[in-house]
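Let me begin by presenting the structure, written as structure tokens, before commenting on it.
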Amino acid sequence: MDADNLQLSGVGAATGGTYHRVEMQGVSRIHGDVTCLDCKVEGVSEIHGHVRASTIDVRGKSKVYGSIEASRVAVEGSSLVDGDCRASLMNIRGDVRIHGDVAAQELDVHGRVIVKGSCDAEAFVCDGAFQIEQMLNADTIDVRLARSSKVQEIGCTTIQVKRSSIGRFGPRKSRLSVDVIEGDDIVLEWTRANVVRGNRVVLGMGADVELVEYQSDLILEGNARVRTKRQVNHSGASETKMEMIETADELQSATRNEDQI
Amino acid sequence: MDDTLMSKKELLERTNISYGQLYRWKRKNLIPEEWFIRKSTFTGQETFFPREKILNRIEQIKNMKDDLSLDELADRLTANASNVQLSIRDFTERNIVTSAAVELVQAHDPSKKIYSFDDMLCIYVVDVALQSGEVNQNECRSFIEMLELNYAKLRSVACSISLVRKLGVGMCVMYPSKSDVTFDKSAKVVLTLDLEQCAEELRLKLL
């Protein structure tokens with residue numbers, strides 16, 4: 001399609017439409033849906049409509065009052081999406097707020113992401129903080145906490161939560177609060193959860209879990225705390241051993257006793 | 001329709017799948033979001049699934065995931081008006097429905113050559129009705145007319161369709177499955193079909 005390019009610079013406004021390239025520089029506003037190949041924003045922008053693009057590049061501050069559908073979304077600065085966001089690759093260096101659901105192949109956040117709905121991804125990487133109101137459903141999750149984070153539920157194959165090594169935000173009190181985490185391979189530090197269910201569960205420094213249900217291994221390190229642990233066998237016979245263990249030390253002495261019997 | 005639920009835990013035990021697999025299939029829409037039913041139990045919030053549906057679906061996925069990519073599988077399993085099209089010959093050759101049902105629907109609109117999922121659902125419903133022995137051909141025609149006029153409605157709410165007969169005259173009624181419909185005492189509800197369930201059965205047959 002031989003569509004025109006839309007270029008806004010300085011202080012300007014335009015109507016939406018179908019374009020080849022959309023460039024917004026300065027303080028700009030577009031009214032209406034935007035469909036284009038490349039959308040590049042530098043400065044402060046507002047789009048009142050849905051955006052469908054191959055690539056969206058934001059350097060500055062952008063607000064989209066609608067949903068976004070793109071192959072690649074890169075944000076350096078801050079972005080608000082008052083709708084859903086669907087992309088193959090989302091690369092965020094800064095602050096992104098989405099008032100809907102997020103679905104991506106790869107979601108890479110260096111900063112903060114806030115989602116008012118659910119987040120689906122194959123790979124979820126976050127170095128900073130995140131807040132997801134409903135569920136984070138991802139194949140692999142790699143979190144390095146710089147600030148406190150919160151999500152209702154996590155479903156995954158593998159997850160690793162640690163604290164960011166760069167203490168940019170002063171006293172390191174960052175923790176992840178979750179209600180339920182379910183996955184195959186779970187490694188958690190600085191996480192407070194009600195229930196953790198997995199095949200192999202490793203709880204390290206700062207981990208505080210009410211109930212852990214594991215299939216093959218539960219490893220407690222550092223000052224990890226578990227109120228109740230239960231081994232569950234998912235293949236056929238269900239064998240439940242329920243014990244109250246407070247700290248890693250107690251676990252060590254408990255297993256030592258078992259060996260002696 | 002089997003309404004019983006099964007817990008997520010029981011599901012994983014029975015089918016021997018992992019959390020990773022379950023959540024991956026959910027992401028790929030192989031297991032619909034609506035099937036994840038949250039309920040409060042004495043141990044807290046737990047998730048349940050419609051027993052028959054989920055067990056069937058997991059069986060299908062396990063059988064087919066080696067041959068198809070998850071995305072292709074998702075397309076097949078969520079067959080709807082937009083992605084399934086069959087010529088009438090394909091439909092009859094695969095013996096999905098009886099020829100009587102096909103002929104009846106064809107007679108209604110002889111010019112139609114390619115059948116969308118909605119059309120196939122119509123043929124399937126007519127087939128089930130005919131095979132039940134309770135509904136005659138004329139009454140089936142009213143089913144066909146009713147469905148053709150109301151495909152859009154089916155997309156927004158799960159509906160059921162009933163044939164009601166009073167004093168020898170049959171009437172077709174379509175209504176949201178969840179609603180409580182009461183008929184005249186002297187009327188006989190000859191047959192009720194849950195269209196959502198019929199669609200599901202048809203999808204299985206088309207796989």
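All values below come from the heavy atoms of this structure, side chains included, with hydrogens, waters and symmetry mates left out. Just so you know, these numbers come straight off a predicted model, no measurement behind them. Naming convention: chains lettered A, B, ... in sequence-line order (proteins, then strands); numbering from 1 in each chain.
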Flag yes if more than 12 heavy atoms outside B:Arg24 fall under 6.0 Å of its CZ atom; otherwise flag no.
yes

Check A:Lys162 with A:Glu189, please: is the shortest side-chain N to carboxylate O separation under 4.0 Å?
yes

Nearest heavy atoms of B:Glu46 and B:Ser7, plus distance in Å
OE1-CB, 4.1 Å

With a 4.5 angstrom heavy-atom cut-off, which part of A:Glu153 approaches chain B: side chain, backbone, both or neither?
side chain

Pick from A:Ala103, A:Gly198, A:Ala121 with the largest number of heavy-atom pairs that fall under 4.5 Å of chain B:
A:Ala121

For A:Arg93 and A:Asn91, test the side chains for any donor-to-acceptor distance below 3.5 angstrom and give the result as yes or no.
yes

Option that, when pairs with chain B are counted at under 4.5 Å, heavy atom only, ranks first among A:Thr157, A:Asp120, A:Asn137, A:Asp184:
A:Asn137

